[in-house]
2 protein chains.
Amino acid sequence: MDGFVATYTNRLDQKGRVSVPAPFRSLLAREGQDGLYCYPALDQPAIDGGGSRLQEAIASRLAVFETFSEEHEILSTAFYGDSRVLKIDQDGRIVLPEEFRTYAGITDTVVFVGQGFKFQIWSPERFEERQKEARTHLRSVTRGLGRNNPGRSAAGDQA
Amino acid sequence: MDGFVATYTNRLDQKGRVSVPAPFRSLLAREGQDGLYCYPALDQPAIDGGGSRLQEAIASRLAVFETFSEEHEILSTAFYGDSRVLKIDQDGRIVLPEEFRTYAGITDTVVFVGQGFKFQIWSPERFEERQKEARTHLRSVTRGLGRNNPGRSAAGDQA
DNA sequence: TGGGATTGTATGGGCGTCAATGGAATCGCC
DNA sequence: GGCGATTCCATTGACGCCCATACAATCCCA
C-alpha cells in the first residue's frame with residue numbers, strides 16, 4: 001500500500017528549511033525521485049507536493065491538447081510555471097520558497113497532510129480551520145445517513 | 001521525468017546579456033544541445049526557447065500537414081523563419097537579439113517560464129498579465145466544466 | 001522486566017561552492 | 001585603428017553540504 005498517509009507537523013528554521021516527514025521521503029525515493037515536485041493548490045491556501053506520480057497526473061492532463069495550441073500553451077504556463085522542484089538535502093529537508101510561504105500563509109511551522117498519491121503543506125492555523133469545517137460537514141453527512149458517529153474525521157490526528 | 005519547470009527572473013546587463021537559469025542550462029545540456037533554439041511565440045508577445053525536444057515537437061507538428069500545403073507554409077515560416085540559435089557563453093549567458101527584445105517588449109529584466117518541453121522568455125510586466133490569465137483559466141477548467149470531455153471542452157482528466 | 005545503549009529523526013548552525021551579475025580585457029571584422 | 005562581439009575575471013549573495021545536538025522509540029541484555 002503505497003501512498004502519503006497521516007499528518008506531520010514540523011518547524012521551519014531560520015533559513016526556511018523544514019524536514020520532509022521520513023515516511024514521505026522514503027515513498028518519494030521509492031517513486032524514483034530525488035526532488036520534490038510542488039505547486040500551489042488550486043482551490044486551497046496550501047501547497048501540493050509529490051513525486052513522479054503527481055507529475056504524471058499533471059502531464060496527462062496536458063497531453064489531451066495539441067502541442068502549440070492555445071489551450072496547451074496557457075495550461076502549461078499555469079502548471080509548470082507555478083511549479084517548483086525542491087531539492088531534498090541529505091538531512092531530508094527542503095527550503096520552502098517565499099512565494100509558497102506567502103501563498104499558504106506559512107511562517108514558522110508547517111503541516112504535512114498525506115493525500116494518497118500526493119500530499120499537502122499547510123500553515124497550522126489554516127489547516128485547523130479547514131479541519132473544523134470538514135468535521136462539521138462530515139457530521140451533517142453522517143447524521144443524514146443515520147449512522148453512529150464513526151469517530152474522527154478522515155484526515156487523522158497529529159503525529 | 002524532466003522538463004522545464006518553474007519561473008526565474010533575471011536581469012539583462014548593458015550588453016544585452018542575460019543568464020539562462022542554471023536548471024534550464026543543465027537540461028539543455030542533457031538534451032545534447034549547446035545552443036539555445038528560439039523563435040517568437042506564435043500567439044504571444046514572448047520568445048519560445050528550448051533544445052532538441054522543442055525542435056522535434058515542431059517537426060512533428062509540421063509533419064501532419066502536407067508539404068507545400070498552405071498550413072505547412074505558414075507554420076514553417078513562423079517556426080523556422082524567425083528562429084535563432086543563441087549561443088550560450090561559458091558563464092551561462094545569452095545575448096537576446098534586438099528583434100526578440102522588441103517583439104517581447106523586454107528592456108532590462110526578463111522572466112524565464114518553464115513549460116515542460118520548452119520554456120518562454122517574457123517581459124515581467126506582460127508576463128504578470130499572462131500569468132493571471134493562465135491561473136484564472138486553469139481554475140475555470142478544473143472546476144465544473146466537463147471533465148470527461150477532453151476533446152472540445154477545456155478539461156482533461158482528474159489529477 | 002527494567003535500564004542502558006543504540007538508532008533514526010528533527011533541528012540548529014558553520015562554511016565552502018556555485019550561480020548571477022557587473023565590468024575589464026581581448027579578439028575579430030571592417 | 002575603431003567598434004562590436006566574445007572571453008575572462010571579480011564580487012556578492014544564496015544555496016548545498018557537513019557536523020553537532022536533542023529527543024524519542026526500539027533493542028538488547030542482564
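All heavy atoms count here, side chains included; hydrogens, waters and symmetry mates do not.
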Basic-acidic side-chain contact under 4.0 Å: B:Arg101, B:Glu98: yes

Touch class at under 4.0 angstrom, heavy-atom based, for B:Lys15 against every strand present: base

Salt-bridge present (A:Asp13, A:Lys15; N to O < 4.0 Å): no

Euclidean distance, atom CZ of residue B:Arg11 to atom C1' of C:dA20 [Å, nearest integer]: 11 Å

Rounded distance (Å) that lies between atom P of D:dC18 and atom NZ of A:Lys87: 11 Å

Touch class at under 4.0 angstrom, heavy-atom based, for B:Asp13 against every strand present: sugar-phosphate

B:Phe119 and B:Phe112 aromatic ring geometry - parallel, tilted or perpendicular at 30°/60° bounds: tilted

Centroid-centroid under 6.0 Å between A:Phe68 and B:Phe117 rings: yes

Among D:dC18, C:dC15, D:dC8, the nucleotide that comes nearest once only the side chain of A:Arg17 is considered: D:dC18

Five-pair end axes of the helix from C:dT1-D:dA30 to C:dC30-D:dG1, angle between them (10°): 40°

Base D:dC9 to side chain B:Asp91, donor-acceptor N/O within 3.5 Å cut-off: yes

Output field: ring centroids A:Phe4/A:Phe24 closer than 6.0 Å: yes

Interatomic distance, B:Gln90 CD vs C:dT21 P [rounded to whole Å]: 17 Å

Donor-acceptor pair (no angle test) under 3.5 Å: A:Arg93 side chain, C:dG12 base: yes

By ring-ring contact (aromatic ring centres under 6.0 Å, His included) - contacts of B:Tyr37 (at least two apart): none

Integer-rounded Å distance: C:dT21 P and B:Arg25 CZ: 11 Å

d(CD1, A:Ile94; P, D:dC17) in whole Å: 15 Å

Value in whole Å for how far the P atom of D:dA14 lies from CG of A:Asp89: 18 Å

Whichever of A:Leu12 and B:Pro23 has its nearest DNA chain C nucleotide further upstream toward 5': A:Leu12

Of the listed nucleotides C:dA20, C:dA10, D:dC18, the one nearest the side chain of A:Ala22: C:dA10

Phosphate OP1/OP2 of C:dG13 contacted by A:Gln14 side-chain N/O (<4.0 Å): yes

Between C1' of D:dC17 and CD1 of A:Ile88, the distance in whole Å: 15 Å

Passing candidate, side-chain contact (heavy atoms from CB on, under 4.5 Å) with B:Ile121, options B:Val20, B:Asn10, B:Ile47: B:Ile47

A:Tyr8 OH - C:dA10 C1' separation (whole Å): 13 Å

